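What follows is a short report on a single structure.
Every chain is numbered from 1, with letters handed out A, B, ... down the list of sequences. Below, all heavy atoms of this structure are taken into account, side chains as well, without hydrogens, waters or symmetry copies. Because the structure is predicted, anything quoted here is derived from the model rather than measured.
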Amino acid sequence: MTPRVRFAPSPTGYFHVGSARTSLFNWLYARQSGGTFILRIEDTDAERGREEWLAGIITAMAWLGLSADEGPFRQSSFELRHRELAEKLYESGFLYACDCKRDQIDTRTKDRKTPGYDGYCRDRGVMRSETTGLRFRTPDLGETVVRDVIRGDVVFPHDAMEDFMAVKSSGAPLFPLANMIDDREMEITHVIRGEDLLPTAPKQILMWQALNEIDVTLDLPAYAHLPMLVNEQRKKLSKRKDPVAVESYRDKGYLPQAFVNYLSLLGWAPKGKDEILSLEQLVEQFRLEDVNHAPAFFDIAKMTHINGEYLRAMTVDAFMESAKPWVHPDEGDWVPSDHEIPWTRERFQEDRWRVIAPFVQERITMLSEVTAMIDFLFLETPRFDEAAVTKVLVNDADAVLILERAIEVFSVTDFVPEVLHAALADLSEAMGMKLRKTQAPIRVALTGTSVGPPLFESMVILGLDEVLKRLNAAVVIAQG
RNA sequence: GGUCCCAUCGUCUAGCGGCCUAGGACGCCUCCCUUUCAAGGAGGUAGCACGGGUUCGAAUCCCGUUGGGACUGCCA
């Protein structure tokens, strides 16, 4: 029997890194086992589910390169079947009606000092109505064992399990039931999901076994509960408090391959030395059984490093293609949020970009950094970094002299990187200064900042006229 | 409170009884290279939570302690 796995997110917010990781591990398992990867949207909570969130899930998964073999299915479309089976469960006595209110339960719980539902309605023979939900009659004796591929057998004694709510008073099954029914209907063989769902696994197993008695008999799926992804406080990543939107990483210029590669390293490690692995290599090397048990911290610094590795490994053409959203105003399928491109379309020059691109490529770790590194090529006047201007132009007594001598020298020098380099080196020596000192005011004059692509290459791109114009302007600034 | 999960450098991890005076990666620090910044090269910093067992031998097995976390909703 070929494996069938599913990723079952609820569309209650943007797609976050935890979901991406769960999705990835499911996908990897399906690909390497020749199995089927199913996408099922758990949209039964009409209050919270929204269409745009669903679109967000699809878009994010496509960006990551995780395509579903079946689906997307919507759980809401299976509601009739859920209700039908819930009804059978009730008629067979596995479920019973309960009309307790939350505060009543809490009051009794407080008195007893033992938590959870106390089974008050278990044998009261409460008649069903619009105000009664259905609870599952948990066995008093014995235990339920969750066979987990990652953690081994996890034992849940029945005497500590409460009679949990399985069906709302509206008649609609709650998550544990609906989710389990869908897994049965779709013949899911491996349930790979977050560790936060481990406590609901025994409930689902109990109900699965109940359905086996009154409906088709099906083997239980294998379970694999992935360790949580946590923040610096070691708490489960929160959509509200932590920066976890996958889309925001795309907008900052992380490459999907790098993002996926990093995600695969959370809770799992390849056998070999290399941790930079393509999706194909991941499919080949990934082992569900080898996934860790301990929670993992989502470390943006390490992901950023990996992104840099991917960026540098690209061909210049691929790099330029990937950088498009941060270079070309209003071109491409999407626009990065919170990112301004300071130049106009008219001033942008593709040939200048092409020449500088290789130098930019090895200097950045996120594509969003491209813009600030090349803007001086497309702006009438460079954006001046105040701190840099103050330090190397205004406060440096040698600045004016360096700039004036440089203007003389560059005016009669061939605009070729090596020649310019030699010319400034000679000038520096004549002035008794280090090249690293003389290049500073020139760099700020031409680019506006003290960091950026190599100076002489940048000068060649700007050309003699532009260089002289900016150097002269800088002399004025330096003179105060 | 109850149930369950977890515990190797700051972080992600390798390790599944001797190969470990614990390896790699990120970060950080130093140096080299150098037209800035990166990249690259060389080196360094830092860890088996604690206590008992088991064993000739324990990071590895068992128990306990401590510490984290998840769940505990007519949300999913």
Side-chain angles (χ1 to χ4, degrees), chain A residues 8-12 42-45 47-49 75 98 100-102 109-110 113-117 131-135 146 148 151 154-157 159-162 164-176 178-179 194-202 225 227-228 230 232-236 262 265-271 273-276 292-306 308 312 359-365 373 388 392 417 420-421 424-425 428 434-440 442-444 447 449-459:
Chain A
S10 58
T12 55
E42 310 236 319
D43 60 346
T44 50
D45 188 357
E47 298 283 314
R48 296 202 297 167
Q75 182 166 67
C98 170
C100 292
K101 294 282 176 290
R102 192 68 241 169
T109 299
K110 211 188 217 167
K113 287 186 60 183
T114 44
Y117 184 68
T131 59
T132 56
L134 261 31
R135 287 183 183 276
V146 178
D148 193 288
R151 286 154 214 281
V154 183
V155 182
F156 293 84
D159 56 17
M161 282 175 71
E162 63 173 335
F164 57 89
M165 194 61 85
V167 179
K168 300 183 201 179
S169 50
S170 68
L174 281 141
F175 166 77
N179 174 268
E195 189 195 342
D196 49 343
L197 291 170
L198 186 51
T200 80
H225 289 95
M228 297 285 37
V230 299
E232 284 140 305
Q233 286 77 240
R234 295 257 127 204
K235 305 258 193 228
K236 178 174 144 179
Y262 175 65
L265 264 20
L266 292 174
W268 177 78
K271 291 289 182 205
K273 298 185 192 72
D274 207 355
E275 60 181 16
I276 302 294
N292 272 175
H293 302 179
F297 171 61
F298 184 74
D299 186 2
I300 294 170
K302 176 143 185 178
M303 180 169 76
T304 302
H305 172 264
I306 290 176
R312 273 172 262 125
F359 300 106
V360 174
Q361 187 178 356
E362 63 178 18
R363 261 158 254 264
I364 61 171
T365 52
M373 201 160 275
V392 308
L420 288 166
H421 185 181
L424 188 59
S428 303
K434 294 282 191 189
L435 184 55
R436 71 177 293 122
K437 174 169 170 63
T438 54
Q439 63 86 38
I442 297 169
R443 179 182 295 280
V444 173
T447 71
T449 77
S450 53
V451 300
L455 183 59
F456 306 113
E457 282 76 359
S458 300
M459 286 176 65

When the [atom1] atoms of [N] and [M] are considered, how many whole Å apart are they?
| N | M | atom1 | answer |
| --- | --- | --- | --- |
| B:A46 | B:G24 | C1' | 14 Å |
| B:G51 | B:A59 | P | 12 Å |
| B:G2 | B:U60 | P | 28 Å |
| B:U54 | B:A58 | P | 11 Å |

Does [N] have a Watson-Crick or wobble partner in any strand here, with both distances under 3.5 angstrom, and which is it?
| N | value |
| --- | --- |
| B:U60 | none |
| B:C31 | B:G41 |
| B:G73 | none |
| B:C16 | none |

A:Thr365 or A:Pro270, whichever maps to the more 5' nucleotide of RNA chain B:
A:Pro270
So which one's nearest nucleotide on RNA chain B is more toward 5', A:Gly452 or A:Glu275?
A:Glu275
Starting from [atom2] on [N], measure out to [atom1] on [X] and report it in whole angstrom.
| X | N | atom1 | atom2 | result |
| --- | --- | --- | --- | --- |
| A:Arg135 | B:U72 | CZ | C1' | 12 Å |
| A:Lys273 | B:G24 | NZ | P | 11 Å |
| A:Leu455 | B:A38 | CG | P | 17 Å |
| A:Met161 | B:C71 | CE | P | 17 Å |

Options B:A70, B:U72, B:U35, nucleotide nearest the side-chain atoms of A:Met228
B:A70
As a test of reading the structure: which of B:C4, B:U13, B:G68 is closest to the side chain of A:Ala269, going by heavy atoms?
B:U13
Across the strands shown, which category fits A:Phe156 at heavy-atom distances under 4.0 angstrom: base, sugar-phosphate, nothing?
sugar-phosphate
Per the atom types in the model, does the base of B:C37 pair as donor or acceptor with the side chain of A:Arg363 at under 3.5 Å?
yes
Mind checking whether A:His421 and A:Phe456 have parallel, tilted or perpendicular rings, split at 30° and 60°?
parallel
